[in-house]
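Reviewing the structure listed below.
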Amino acid sequence: LMRSSAASDVYKRQTLSQRRLRSQMAIERVREYFKQWGLENRIMEFDVSSATVELAAQAVGVIPARIAKTLSFLVNDGCVLIVAAGDAKIDNSKYKHFFHTKAKMLTQEQAREMTGHTVGGVCPFANPEGVRTYLDVSLKRFGTVFPAAGSSNSAIELTCDELTEYSHCEGWIDVCKGWQTEDSGV
């Protein structure tokens, strides 16, 4: 994925401590969000990064497919989040058919500005008003999945029904490919 050099330069100039502070604020916002259901203690924080599907799977101790990755897209100048299984990839034709536009991922800076979460911690929880969330059917094959919880070293284990409820999603959609193979256990 190509990112604008200006956004990349801004990101590089930020100090590690600034990124950690922003990440800590985001996970606290998610923790506060889950308090309304008494679930804040289900958030797992790791001493290692869980910013990628592979790292998250290692931190949690599950196969990568059970990591519920949150992908952020720009649709009609607004933010759309798609939560999909770790082994799924966006199918451009399915995406275009559903959203009536070409898939355009947010830059790191746009993701932070529009969701309040940094890349690696973007999740379907405690997002600003106007952020629309969809869940991809690739997740439904698992009893529980592990989305991030606002930081690049956190996750929460949820059933698909819980994910539906707590993400306040617009619905379940089918916009991914690559997960319905023997390699993924389906």
Within a strict 4.5 Å, meaning less than it, do heavy atoms of the [X] and [Y] side chains meet?
X    : Y    : value
K96  : T101 : no
M105 : L71  : yes
S167 : L135 : yes

Testing the basics here: between [X] and [Y], what is the closest heavy-atom pair and its distance to 0.1 Å?
X    : Y    : value
A111 : V122 : CB-CG2, 4.4 Å
G120 : A148 : O-CB, 4.3 Å
A65  : A85  : O-CB, 3.4 Å
L139 : A68  : CD2-CB, 3.8 Å
V53  : I67  : O-CG1, 3.8 Å
C123 : G150 : SG-N, 3.5 Å

Which value, rounded to the nearest 0.5 Å, describes the distance between [X] atom [atom1] and [Y] atom [atom2]?
X    : Y    : atom1 : atom2 : value
R42  : F34  : CZ    : CZ    : 8.0 Å
M114 : N127 : CE    : CG    : 11.0 Å
N153 : M44  : CG    : CE    : 12.0 Å
I82  : R132 : CD1   : CZ    : 10.0 Å
D87  : R66  : CG    : CZ    : 12.5 Å
K94  : H97  : NZ    : NE2   : 11.0 Å

Do the side-chain N and O atoms of D91 and S93 include a donor-acceptor pair separated by under 3.5 angstrom?
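Looking only at side-chain atoms, S93 and D91 do form a donor-acceptor pair, the distance falling under 3.5 Å.
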If you measure only the distance, is there a donor-acceptor pair under 3.5 Å linking the side chains of T144 and E157?
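Note: T144 and E157 side chains meet the donor-acceptor criterion.
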Do the side chains of K140 and D174 get close enough for a salt bridge, i.e. N-O under 4.0 angstrom?
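Salt bridge between K140 and D174, a charged N being under 4.0 Å from a carboxylate O: no.
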Output yes when R112 and E109 qualify as a salt bridge under the 4.0 Å nitrogen-oxygen rule, no when they do not.
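Salt bridge between R112 and E109, a charged N being under 4.0 Å from a carboxylate O: yes.
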For the pair L158 and F146, evaluate side-chain contact (heavy atoms from CB on, under 4.5 Å) and give the outcome as yes or no after the intermediate values.
CA-CA 6 Å; L158 298 171; F146 297 85; over 6 Å; no
Consider only side-chain heavy atoms of I, L, V, M, F, W and Y, link residues closer than 4.5 Å, and tell whether [X] and [Y] are in one cluster.
X    : Y   : value
F73  : F99 : yes
V145 : I43 : yes
V30  : L39 : yes

Begin from the C-alpha positions of D136 and S138 and carry the test side chain to side chain donor-acceptor pair (under 3.5 Å) through to its verdict.
CA-CA 5 Å; D136 187 77; S138 58; 2.8 Å; yes
Distance flag, aromatic centroids of Y166 and Y33, threshold under 6.0 Å
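Y33 vs Y166: aromatic centres not under 6.0 Å.
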Taking the six-membered ring for Trp and the single ring otherwise, decide whether the centroids of Y134 and Y95 are under 6.0 Å apart.
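No, ring centres 6.0 Å or more apart.
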CA sep, side-chain torsions, deciding dist, call: F125, I156, side-chain contact (heavy atoms from CB on, under 4.5 Å)
CA-CA 11 Å; F125 317 113; I156 184 168; 4.1 Å; yes
Main-chain N/O of [Y] paired with [X] side-chain donor or acceptor, under 3.5 Å:
X    : Y    : answer
E113 : Q110 : no
E165 : E162 : no
T52  : L55  : yes

Give the C-alpha distance, both sets of side-chain angles, the deciding distance and a yes or no for side-chain contact (heavy atoms from CB on, under 4.5 Å) between V137 and I173.
CA-CA 6 Å; V137 296; I173 60 175; over 6 Å; no
Which label fits H168 and W37: parallel for a plane angle under 30°, tilted from 30 to 60°, or perpendicular past 60°?
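Aromatic pair H168/W37 classed tilted.
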I'd like to know whether E32 forms a salt bridge (Lys or Arg N to Asp or Glu O under 4.0 Å) with K35, so could you lay out the CA-CA distance, the side-chain angles of the two residues, the decisive distance to 0.1 Å, and finally the verdict.
CA-CA 5 Å; E32 188 64 32; K35 274 186 183 176; 3.4 Å; yes
Just do the side-chain contact (heavy atoms from CB on, under 4.5 Å) check on V60 and F46 with the steps written out, would you?
CA-CA 9 Å; V60 173; F46 312 111; 3.6 Å; yes
